[in-house]
Every structure is written in C-alpha cells, then in structure tokens.
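Some notes on the structure that comes next.
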4 protein chains.
Amino acid sequence: MVRGRPRDTGVEARVLEAAMAEMRAGGYDGLSVDRVADRAGVAKTTLYRRWPSKAELVVAMITGLRAAVPFEPSGDPRRDLTELVTGIATTLSAVPTTLIADLAAAAAREPRVGESVRALWAERHAAVTAVIGQAQADGLVPGHASPAVLVDQLVGPLYYRLLVTGEPIDSAYVRELVHSTLGPDPEKS
Amino acid sequence: MVRGRPRDTGVEARVLEAAMAEMRAGGYDGLSVDRVADRAGVAKTTLYRRWPSKAELVVAMITGLRAAVPFEPSGDPRRDLTELVTGIATTLSAVPTTLIADLAAAAAREPRVGESVRALWAERHAAVTAVIGQAQADGLVPGHASPAVLVDQLVGPLYYRLLVTGEPIDSAYVRELVHSTLGPDPEKS
Amino acid sequence: MVRGRPRDTGVEARVLEAAMAEMRAGGYDGLSVDRVADRAGVAKTTLYRRWPSKAELVVAMITGLRAAVPFEPSGDPRRDLTELVTGIATTLSAVPTTLIADLAAAAAREPRVGESVRALWAERHAAVTAVIGQAQADGLVPGHASPAVLVDQLVGPLYYRLLVTGEPIDSAYVRELVHSTLGPDPEKS
Amino acid sequence: MVRGRPRDTGVEARVLEAAMAEMRAGGYDGLSVDRVADRAGVAKTTLYRRWPSKAELVVAMITGLRAAVPFEPSGDPRRDLTELVTGIATTLSAVPTTLIADLAAAAAREPRVGESVRALWAERHAAVTAVIGQAQADGLVPGHASPAVLVDQLVGPLYYRLLVTGEPIDSAYVRELVHSTLGPDPEKS
DNA sequence: AGCTAATCGAGACGGTACGTCGCGTCTTTCG
DNA sequence: CGAAAGACGCGACGTACCGTCTCGATTAGCT
C-alpha cells in the first residue's frame with residue numbers, strides 16, 4: 001500500500017521524552033532542537049519531518065501530557081468543585097512553575113501553542129462549568145453571576161498565585177475558593 | 001563625590017523607549033538588542049553596561065511602566081473596585097500579551113525579577129485589599145470569605161483570561177467580576 | 001562513505017580569495033571575518049566551521065599561496081642560485097610585509113603554524129641546498145663553510161631586510177648576495 | 001613656574017614594566033591597554049597623556065630595553081665579529097621568540113614601531129659595519145662584497161633561524177657564520 | 001529479482017542575534 | 001594643571017540557535 005520505508009515508531013516517543021526533559025531543565029527558550037534530536041538519538045531531519053517547527057514540537061509534547069482524569073459528578077456541587085479544583089491545583093503543582101510560565105509565554109507568542117494548552121485544560125474546565133451550571137439550575141449558587149465568570153473566579157486564582165503573587169496553593173486555599181464562590185455551607189450552620 | 005564621568009541620564013530613557021517600541025512591534029523575540037541600541041542612538045556596550053542581558057533590559061522596561069495611579073476611595077466599594085480593576089485591566093491590555101507572559105516566565109526563573117514584578121502591582125493590590133476590607137467591615141460584602149481570597153478572585157481572572165484562555169477582557173467583564181464578588185446591587189432592584 | 005551533506009567545494013576557494021583581497025587591502029588587523037564572509041557570499045558560521053579562528057583562516061590562505069615553482073638546474077651554480085633566490089625574493093615581495101611578519105609571529109606561538117610555514121618554503125630551500133652542495137662538490141664554492149650555513153646566508157638576509165631593517169630587496173641586492181657567497185665570477189675577469 | 005600638579009615620576013616606570021610583562025605573556029595583540037593601566041595602578045587617561053597610542057607605548061617600552069653594550073674593538077676582526085654577533089645572538093635568545101616575532105609584526109604594521117626597533121639595534125649594527133669596513137681596508141676580508149651585504153649575511157641568519165626555520169642558535173653556529181664570512185683562519189693552518 | 005519510493009542518520013549551510021573585548025575619546029571630581 | 005575613575009562610541013570576534021539542504025544507507029512494496 002504505502003510504498004517506501006515505514007516510519008520508525010519509536011522515534012516519536014523518544015523525541016517527546018527528550019523534549020520534555022529539556023523543557024523541564026531550561027524552559028521553552030532553553031529547549032534546543034539540536035539538543036533534543038541529539039538526546040533522542042535522532043537526526044534533526046527526522047524530527048523536522050514530523051513537526052515542522054520547534055513550536056509544533058512543544059505543542060505535541062504538551063498534548064501528550066493530557067491525562068484522562070476520571071471524574072464522576074456526585075451531585076453535590078460543593079464536593080464536586082472541591083474535587084475538580086483540587087485536581088487542577090495538584091496538576092499545576094506537580095510540574096515546575098517555570099514550565100507553566102514558559103508554556104504561557106510560548107502560548108502568547110505562538111497561537112498554535114496556545115490552542116494546545118487550552119485543549120489541555122478543556123476537559124476539566126468543561127466539567128467545572130457543567131457543575132456550576134447544574135448547581136445554579138438547582139438554586140444552590142447565587143444566580144446573579146454568569147457561570148463563565150464563576151469558573152474564572154474558581155480557576156483563575158490558581159494561576160494568579162502561581163505566576164504572579166507566588167503565594168502557596170494548598171488544600172485550605174482551594175476550600176476557601178469554593179467556599180467563597182458557593183457561599184456558606186447551609187448544612188454546617 | 002562619584003569619581004568618574006557621570007552617566008548620561010538621557011541614555012536610559014532613550015533606550016527604554018526604543019525597547020518598548022521594538023517590543024510592541026515584534027514581541028520579546030522580535031526585540032533585537034542591536035536594533036534597540038541603534039534606534040536609541042547608543043552604543044551596544046553602553047546598553048550592556050547598564051543591563052547585563054536582554055532579559056534584564058526588558059525587566060527594566062516593564063518596571064519603568066509603573067505609573068503612579070491616583071486613586072481616591074469614594075466610599076462606595078462597587079464604584080471603587082470597578083475603577084481599580086478597570087485600571088489593572090487597562091494596564092494589562094496596554095502592553096502586548098507576550099510581554100506579560102514573558103515577564104511571568106522570567107519571574108518564575110529569577111526570584112529578583114519576581115520581586116520587581118510583584119512590586120509593580122503592590123500599590124494597586126493594596127488598594128483593592130483596603131477597599132474589600134472596608135466593605136466587609138461595613139457589611140456590604142458577604143463575610144464568609146477572607147479578603148485575600150476575594151482579591152484573588154477579582155484580579156486573578158484577568159491574568160487567567162490573558163495568559164490561559166485568551167478570552168477578551170472588556171469593561172463588561174470587569175463589571176461582571178465586581179458584580180459576582182459583591183453580590184447584586186441593592187440600589188438597582 | 002561520508003555520511004552527511006558534502007562540503008561545498010566552492011566555499012573554500014571563494015573565502016580564501018576574499019581573505020586575500022582583504023589582507024592586501026588592510027593587513028591582518030584590517031581583515032574582518034564578517035567582511036570576508038560577506039564578500040565570499042558565505043555565512044560566517046560556514047567560515048568558522050572550517051577555520052576555527054581568524055588566525056587559522058589566514059594561515060590557510062598563506063598555505064594556499066604555495067605555488068609549484070618549476071626549477072631546472074642548469075649546472076651553473078651562479079645562474080641557478082640567482083634564479084632561486086630571486087624567486088624567493090619575488091614571492092616575499094608579492095605579499096604585504098605585514099602578512100609575512102604576522103605569519104612569523106603566529107609560527108612562533110603555534111607550533112602547528114610553524115610547521116606549515118616551514119613546509120611552505122621546504123621545496124625551494126631544498127633546491128638551494130642541493131645547488132650549493134653540488135657546487136661545493138664541483139669545487140666552485142669555497143669549501144670552508146658548511147652548505148647549511150651558506151644557505152642561511154643566502155636566504156636569511158632577505159627576511160632580515162624585510163622584517164628588521166626594512167631596506168629594499170631588488171635584483172641588484174640578490175646578485176650581490178650570490179656574488180658574496182660564490183666569490184668573484186672568474187669568467188668576468 | 002609650571003602651574004598645576006607635577007607629573008608623577010613613578011608612572012612611566014610602572015607602566016612600561018607592566019607593558020613588558022603583558023607583552024611577554026601574550027605578545028603585541030595580547031597586550032591590552034586597559035590591563036596595562038590596571039596592572040600599573042594608573043588611570044588610562046594618564047597613560048594616554050604620555051603615549052598617544054598602544055603602538056607608541058610599545059615603542060617606548062622597546063626603547064627602554066636598549067642597553068648600552070660596552071664594546072672595545074681589539075683590532076682582530078675575527079675576534080671582534082665573534083664577540084659582537086655572539087652578543088646579538090645572546091640578546092635574541094634572552095627574550096621569548098614570540099616577543100621578537102610580535103615586535104617584527106608590529107614593526108611591519110606601525111612605522112613608528114619599526115623605527116624604534118631599528119634604533120634598538122643601530123649601535124651594534126654600526127659596530128659590526130665598522131669592524132667589517134676596517135677589516136676590508138686591511139685586506140683581511142675578500143673585497144668582492146660590499147660591507148652592507150656582509151653585515152646582512154652575518155646578522156640576518158640569526159633572525160632567519162629564529163623566526164623561520166626554528167633551528168637552534170649556539171656559539172658553534174656563530175663561529176661558523178664568522179668563519180664563512182671571513183674565510184679560513186690563516187693562523188690556524 | 002529488480003525497481004521505486006519513502007525514511008533515517010549525518011552534517012553542511014544561510015541567516016540572525018547575542019554577549020564580550022579592545023581602543024581611543026570624553027567628562028567628571030579630587031589633589 | 002595632573003591624576004583617578006569611569007562612561008561612551010565604534011567595530012570586531014566567536015558562539016548559539018533555527019530551519020533548510022544535500023548526501024549515502026536502509027527498508028519496504030510493487031512489477
């Protein structure tokens with residue numbers, strides 16, 4: 001069917017792994033295509049055949065990070081949101097801050113990187129939005145704010161602390177965020 | 001007092017202005033030190049004597065953007081917060097997004113840069129915190145959330161949209177943020 | 001056999017030619033690597049891939065000057081030595097003095113350069129030595145001096161005038177040298 | 001009489017000494033005016049007030065090297081020439097070869113350096129010329145060669161070996177040179 | 001079995017920018 | 001007025017990186 005020599009299936013994994021290591025070490029700018037190829041034991045030609053630019057390579061690497069996060073809504077928005085936001089916070093804390101920052105910078109520069117980064121979070125953000133929407137429909141959340149804004153106010157502070165203020169993000173903070181958004185827990189009074 | 005030839009005071013202003021122009025035109029990567037020096041009518045050595053690297057130059061440029069923002073609390077938290085958050089949003093929008101993102105990346109890598117960036121916003125964030133605190137004391141804001149969290153929820157979403165989702169930040173959005181934080185305006189019902 | 005892309009054979013010639021032109025115009029210091037690359041229509045990186053420094057480039061250029069000099073001994077040592085020494089003097093005069101001097105300086109610093117410079121003259125000096133030896137065997141040269149010393153006394157003064165005294169080297173001077181070494185021409189008395 | 005602060009008399013010596021040390025270490029190109037000034041504990045301005053360029057500084061340094069060499073002609077040209085040429089050879093061997101070579105290179109580039117180098121040797125070369133002339137007048141040297149050429153043939157080979165062939169210069173070689181120039185010693189037969 | 005087509009490794013190449021070094025000039029303050 | 005200190009302009013050097021290119025060697029499917 002396909003004529004010539006088939007592509008080496010191991011190349012992709014080795015290159016993306018090498019790229020990840022380079023990115024961890026030196027961020028986006030510190031990632032050198034030459035070094036990635038070298039570290040992966042692959043010719044630069046081979047690399048460029050698959051990803052037409054450094055940005056696209058990083059995009060692919062990021063996309064590969066997307067892990068399927070199992071989430072089953074329990075119906076209790078307070079519990080569900082806490083679980084979801086905690087998951088996001090945990091993921092953000094698992095990688096070096098510089099990586100997140102460099103990714104944001106690359107996203108600002110390269111539209112394609114931006115898309116891939118957004119796609120990375122899409123699933124989780126959609127889940128958050130869904131929970132918020134359902135809670136509002138059930139009257140459990142004050143209705144004077146749009147769901148989109150509430151999502152931003154739940155997730156945005158995580159990035160804000162990470163990239164701007166540098167203040168710590170712990171489970172207490174996540175609870176405070178949810179608490180502030182949903183209002184006081186009626187069952188606890 | 002100081003022995004040698006004093007530094008040409010005009011250099012700094014000319015260089016930073018040139019750097020700003022270059023940054024606006026082509027982002028961080030598009031900013032060439034040679035071109036900046038050329039445009040500022042300054043030798044590259046002179047430039048490097050003051051800022052030891054391109055990154056430091058950009059940091060200095062950003063720091064120079066800190067404008068004293070006159071703010072007089074009116075006593076009405078709704079109006080004051082809208083004004084303050086609008087000011088922050090305006091400033092963020094006035095410079096290229098890449099600049100903000102690159103700044104965040106540099107801040108993550110270099111503690112010194114992080115400090116300078118935080119110092120950049122310190123004044124405004126203090127003002128927001130003060131207004132929130134006063135409003136809570138006056139009973140105009142629901143008291144179930146700490147002021148620090150509320151500040152994060154007011155300002156964080158701006159960065160979040162800018163650096164992550166890429167969604168637009170307009171005056172309507174700012175109003176929604178304030179609205180969501182303070183609750184429905186009682187005077188409007 | 002050789003794996004990668006083969007080197008562009010035209011590069012070397014074009015660069016060395018450009019370097020020669022620059023050297024003629026402004027001497028060693030006046031030779032700018034950037035300008036050479038530009039004039040040769042070659043990227044500076046390409047140039048540095050072959051010659052790791054400006055000095056090595058100049059050395060290569062000099063080495064390239066070695067021209068096969070046809071020499072057929074006539075049997076008359078007076079005529080042969082005059083021809084050979086004139087040839088050396090002509091070559092020395094054809095290039096800027098600074099080039100010769102810089103070469104000697106480089107040779108003193110870098111053994112490898114020294115070798116290449118000596119190799120440059122090897123052929124001609126061997127010819128001079130051969131002629132002197134033959135003449136001595138034939139009794140045409142006073143035998144109280146070793147051939148090696150006579151060669152030094154024939155060729156050394158050329159360098160001496162060029163590099164030290166700065167006095168001119170013309171055909172009359174060459175004749176005087178040969179005359180002084182061989183003694184008066186018996187046929188002319 | 002003279003207004004203002006008098007010149008610091010120690011400056012000159014300290015600078016020339018520092019320049020000599022730099023020149024020994026790295027040759028003419030390796031000598032940096034900034035470093036010389038620093039090492040001498042002198043401001044660059046002060047240095048440039050005295051010597052208008054790096055070349056002139058080196059000239060002054062070389063001139064300072066000229067040592068008065070006592071020489072009393074004995075009347076025996078063979079002995080006198082041996083003594084003189086040995087003295088030159090000794091001086092040449094006392095300093096690093098690179099220094100001699102760099103000096104020659106600088107002389108070729110900078111006319112003023114050339115003059116100073118020639119002046120350095122003037123005294124000794126004049127002595128050699130005088131002895132040769134006297135010997136010729138006394139009929140002790142074959143008269144078919146001009147004194148100037150004979151001088152070149154006595155001194156030139158020293159530079160030739162030093163800068164070109166790299167062959168050693170010892171007392172035996174000096175004797176051979178004199179021997180070759182004056183012819184066989186009649187007293188020894 | 002031979003031809004054809006695609007892949008891979010290796011490295012040359014152009015272009016652009018970076019940061020450093022050196023020279024010689026200048027502008028100050030201090031003695 | 002000399003000296004110290006250091007800023008400044010200019011120009012060159014050598015390095016790093018990106019993305020393109022040109023090779024030879026390999027590995028398949030197709031005729």
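Everything numeric here is computed off the predicted structure, so don't read it as measured data. The sequence lines fix the lettering, A, B, ..., with proteins before strands; numbering per chain opens at 1.
For the OP1/OP2 pair of F:dA3 and a distance below 4.0 Å, the side-chain nitrogens and oxygens of D:Arg14 include no atom meeting the criterion. Within the structure, a side-chain polar atom (N or O) of C:Arg50 is placed less than 4.0 Å from OP1 or OP2 of E:dC13. OP1 or OP2 of E:dC8 has at least one side-chain nitrogen or oxygen of A:Arg49 nearer than 4.0 Å. One finds a side-chain N or O of D:Thr46 lying less than 4.0 angstrom from the OP1 or OP2 phosphate oxygen of F:dA4. OP1 and OP2 of E:dT28 both lie 4.0 Å or more from every side-chain N or O belonging to B:Arg3.
Scanning atom types as modelled, no donor and acceptor separated by under 3.5 angstrom connect the side chain of D:Lys54 and the base of E:dG24. Donor-acceptor pairing under 3.5 Å, judged by distance alone, is present between the side chain of A:Arg5 and the base of E:dT7.
For B:Glu56, the side chain to side chain donor-acceptor pair (under 3.5 Å) partners at least two apart in sequence or on another chain are B:Arg112.
Spacing between atom CD of A:Glu56 and atom P of F:dT20 amounts to 12 Å, rounded to whole angstrom units. As rounded to whole Å, 14 Å separates atom C1' of F:dT22 from atom CZ of C:Arg7. Per the geometry, CD belonging to C:Glu12 stands 13 Å off P belonging to E:dA12, to the nearest Å. Protein atom CH2 of B:Trp51 is 15 Å distant from nucleotide atom P of E:dC18, rounded to whole Å. Across the protein-nucleic acid pair, D:Lys44 atom NZ and E:dG24 atom P stand 9 Å apart, rounded to whole Å. Taking atom OH on C:Tyr48 and atom C1' on F:dC17, their separation rounds to 17 Å, with Å as the unit. What separates CG of D:Leu47 from C1' of E:dG22 is a distance of 14 Å, to the nearest Å.
Listed for the C:Arg7 side chain is no donor-acceptor partner under 3.5 Å among the backbone atoms of C:Glu12.
Residue C:Ala43 is the one, among C:Ala43 and D:Ala55, whose nearest nucleotide of DNA chain E lies closer to the 5' end (criterion: closest heavy atom).
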Check: Stepwise, does the side chain to side chain contact (heavy atoms under 4.5 Å, CB included) test hold for A:Val33 with A:Tyr48?
Finding: CA-CA 9 Å; A:Val33 176; A:Tyr48 272 101; 3.7 Å; yes
Checklist line | Evaluation steps, side chain to side chain contact (heavy atoms under 4.5 Å, CB included), between A:Leu57 and A:Val15 | finding: CA-CA 9 Å; A:Leu57 169 62; A:Val15 168; 3.8 Å; yes
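Between A:Asp29 and A:Arg109, at least one side-chain N (NZ, or NE/NH1/NH2) sits under 4.0 Å from a carboxylate O, which counts as a salt bridge.
Note that the CE atom of B:Met20 and the CG atom of B:Leu31 stand 10.0 Å from one another [nearest 0.5 Å].
Counting heavy atoms from C-beta outward, D:Arg50 and D:Thr46 have side chains that approach closer than 4.5 Å. Side-chain contact between A:Val36 and A:Leu47: present, with at least one pair of heavy atoms (C-beta onward) separated by less than 4.5 Å.
Counting only heavy atoms from C-beta on, C:Pro6 has its side chain closest to F:dT22 among F:dT22, F:dG19, F:dT27. When distances are taken from the side chain of C:Asp8 to each of E:dC13, E:dC30, E:dA10, the shortest belongs to E:dC13. Side chain of A:Thr45, nearest nucleotide from F:dT22, F:dA4, E:dC8: F:dT22.
Across residues 23-42 of chain B, B:Leu31, B:Ser32, B:Val33, B:Asp34, B:Arg35 each have a non-hydrogen atom less than 4.0 Å from an atom of DNA chain E (numbered order).
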